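Please read all numbers here as calculations on a predicted model, not as lab measurements. Order of the sequence lines fixes the chain letters, A, B, ..., with proteins taken first and strands second; residue numbering starts at 1 for each chain.
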Amino acid sequence: MSFVLFRLEKNVNHHPQLLVLVRSHLQDRIVMLVDLDYFFAQAEETRNPSIRDKPVVVCVYSGRSEDSGAVSTANYAARKFGVRSGMPIGLAKQKLENADAVFLPVDDAFYEDISKRIMSFLRGYADSFEQVGIDEAYLDVSRRIKGSYEEAAELARRIKIEIVTSDGLTCSIGVGPNKIVAKIASDIHKPDGLTVVKPQQVTEFFSPLSVDRLIGVGVKTTEKMRALGINTIGDLAKHDVQRLIDVFGKKVGLYFHNASSGVDNDPVQERAEAESVSRISTLKEDTRELRLIIEKTDRQCKEIEAELKQGCLTFKTVTIIAIMKNMSVRSRSKSLENKTSSVDVLIKTVYELFEKFLEQSDLEIRRVGVKVSGFARDEKSQQQLTSFIEKD
DNA sequence: GTATGCTTTCGGC
DNA sequence: TTACGGCCGAAAGCATAC
């Protein structure tokens, strides 16, 4: 994206008026990030208000034993006890001993339903719209707000009221000149926050923040940066670009450099359809027995087939995923000669990949998964579906 | 030299 | 003291094909 911008500016350098036009169009944006607070847990609170004041922990149970699985989301009452997303359920239970906590299984269909309603009216407030995951969305409101941050804040307040009124949920909103600033702004006062960062405030706002506030900076990258003496976003902004590129690679290094100064030309736009579909699940026990693995993956293949059928999609590449006893992740993939939608081909390919994989490794396997990618529309089944709908 | 495929790693939600 | 989900995408390094 920044490459396109560079070429544009280079070409219009001979035409000063055009340059101003391009620049103002790209730079004077107002972007909003709306993030539904602790979404799954809050959704559960609306369904059963009596749990509102208790610690609520929404879990993905793996089914292996009573408490095996991980925490998906916890409300703030639970977070006060140190409960975090991704944490083992058993550990969360220990932290919440005698706290009168509520543990609930995830109910994806319920959350999806709420999300769809909210996203569809949010879309109506934006010049352009980009949903991220189930509970977040960017709104480019530049045109309808005409460059006024005061009006943007007013719109944000209206949106917050509308979400509370329609679905009883609070959200946190960040407003800024681009997606990165809006995202970090939304993060700063949670829950039920509203933070507006104007262009001239970006440097002051960013400098003292820890680098891990940036999207793309997780545990590993934070460690690497710490080793380079980079702790805050301000430190990152002062660091030599070439050094960042040497350490993190060209694309990521440049991204860190620009992001740290609050520079981001990434447009707000609807995301494309998914490029892969996968299923992964935990085995009853760790094993190296092909039969037990295939029992699980056969079901996964059938689920994947059903999902692809809805979009009339064929696939080209099959990947198997194995999470070993020690939690290390392994994968193997194969690209087929021809695109297909056949579940039999999928099942057979998965079998062969796992058979070969087992010969190459000697650790027991804990979780297994199947992924397909390289999609294309299957025109034949699309026509059948269309004529079926027309007849109806 | 370029395009594509395969595998791994990292990170977001 | 341990404990441990299920998705998704981006990118890099390497191998191979053309």
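- Among pairs with a residue in residues 84-105 of chain A, those fulfilling side chain to side chain donor-acceptor pair (under 3.5 Å) read A:Asp67-A:Lys93, at least two apart in sequence or across chains.
- Between C:dG5 and A:Ser62, a contact under 4.0 Å exists linking OP1 or OP2 to a side-chain N or O.
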How far apart are the C-alpha atoms of A:Asp37 and A:Ser172, what are their side-chain angles, what is the distance that settles it, and do they pass the side-chain hydrogen bond (donor to acceptor under 3.5 Å, both in side chains) test?
CA-CA 6 Å; A:Asp37 295 322; A:Ser172 294; 2.8 Å; yes
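- At a threshold of 4.0 angstrom between heavy atoms, the contacts of A:Arg367 include nucleobase atoms, whether or not backbone atoms are also involved.
- The nearest whole Å value for the distance from the CE atom in A:Met324 to the P atom in C:dG5 is 15 Å.
- Defined by atom type and a distance below 3.5 Å, a donor-acceptor pair is missing between the side-chain atoms of A:Ser331 and A:Thr319.
- Using modelled atom types and a 3.5 Å distance limit, the side chains of A:Tyr111 and A:Glu44 yield a donor-acceptor pair.
- Applying the ring pair (Phe, Tyr, Trp, His ring centres under 6.0 Å) rule to pairs touching residues 58-79 of chain A yields A:Tyr38-A:Tyr76, sequence neighbours excluded.
- Partners of A:Gln200 under the side-chain contact (heavy atoms from CB on, under 4.5 Å) rule, at least two apart in sequence or in another chain, are A:Lys198.
- The stretch residues 196-234 of chain A participates, sequence neighbours left out, in no ring pair (Phe, Tyr, Trp, His ring centres under 6.0 Å) pair at all.
- No donor-acceptor contact under 3.5 angstrom links the side chains of A:Asp378 and A:Thr314, judged on distance only.
- If you measure from atom CG of A:Leu36 to atom C1' of B:dG12, you get 16 Å, rounded to the nearest angstrom.
- A side-chain donor-acceptor contact under 3.5 Å links A:Ser210 and A:Asp212.
- Taking a 6.0 Å sphere around CD of A:Gln242, one finds it holds more than 12 heavy atoms contributed by other residues, nucleotides or ligands.
- Atoms CE (A:Met327) and P (C:dT2) sit 14 Å apart, rounded to a whole Å.
- In this view, A:Lys334 satisfies the salt bridge (Lys or Arg N to Asp or Glu O under 4.0 Å) rule with no residue, not counting sequence neighbours.
- With sequence neighbours excluded, no residue forms a side-chain contact (heavy atoms from CB on, under 4.5 Å) with A:Ser120.
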Which parts of nucleotides 1-9 of chain B does protein reach within less than 4.0 Å, heavy atoms only, written one letter per nucleotide 5' to 3' as B for base, S for sugar-phosphate only and - for none?
----SSSB-
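- Backbone-only contact: A:Asp135 has heavy atoms under 4.0 Å from sugar-phosphate atoms and none from a base.
- Screening residues 126-144 of chain A for side chain to side chain donor-acceptor pair (under 3.5 Å) gives A:Asp127-A:Arg144, A:Glu130-A:Lys179, A:Glu130-A:Arg271, A:Glu136-A:Lys183, A:Asp140-A:Ser142 as the qualifying pairs, with residues at least two apart or on separate chains.
- Following rounding to the nearest Å, A:Phe40 (CZ) and B:dC13 (P) show an atom-to-atom distance of 12 Å.
- A:Lys93 places its NZ atom 12 Å from the C1' atom of C:dA3, with the value rounded to the nearest Å.
- Note: CD (A:Glu130) to C1' (B:dG12) measures 13 Å, nearest angstrom.
- Atom CD1 of A:Ile184 is separated from atom P of B:dG12 by 11 Å (rounded to the nearest Å).
- Between A:Arg366 and C:dG5 there is a side-chain N or O to OP1 or OP2 distance below 4.0 Å.
- Rounded to an integer number of Å, the gap from CD1 of A:Ile321 to C1' of C:dG6 is 10 Å.
- Within the structure, every pair that satisfies the side chain to side chain donor-acceptor pair (under 3.5 Å) test and touches residues 156-166 of chain A, not counting sequence neighbours, is listed here: A:Tyr125-A:Glu162, A:Glu154-A:Arg157, A:Lys160-A:Asp192.
- Within residues 69-76 of chain A, the residues having any heavy atom under 4.0 Å from DNA chain C are, by residue number, A:Gly69, A:Ala70, A:Ser72.
- Within the 4.0 Å cut-off from OP1 or OP2 of B:dC13, at least one side-chain nitrogen or oxygen of A:Lys183 is found.
- Taking atom C1' on both B:dG12 and C:dG5, the two are 14 Å apart, rounded to the nearest angstrom.
- In the region residues 280-299 of chain A, proximity to DNA chain C at under 4.0 angstrom, judged on heavy atoms, holds for A:Ile280, A:Ser281, A:Thr282.
- For A:Gln360, the CD atom sits in a packed shell: over 12 heavy atoms of surrounding residues, nucleotides or ligands are nearer than 6.0 Å.
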Protein within reach of the bases, or only the backbone? For nucleotides 9-18 of chain C, mark each nucleotide 5' to 3' as B, S or -, using heavy atoms under 4.0 Å.
SSSS------
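- Mapping A:Ser68 and A:Glu307 onto DNA chain C by nearest heavy atom places A:Ser68 at the nucleotide closer to the 5' end.
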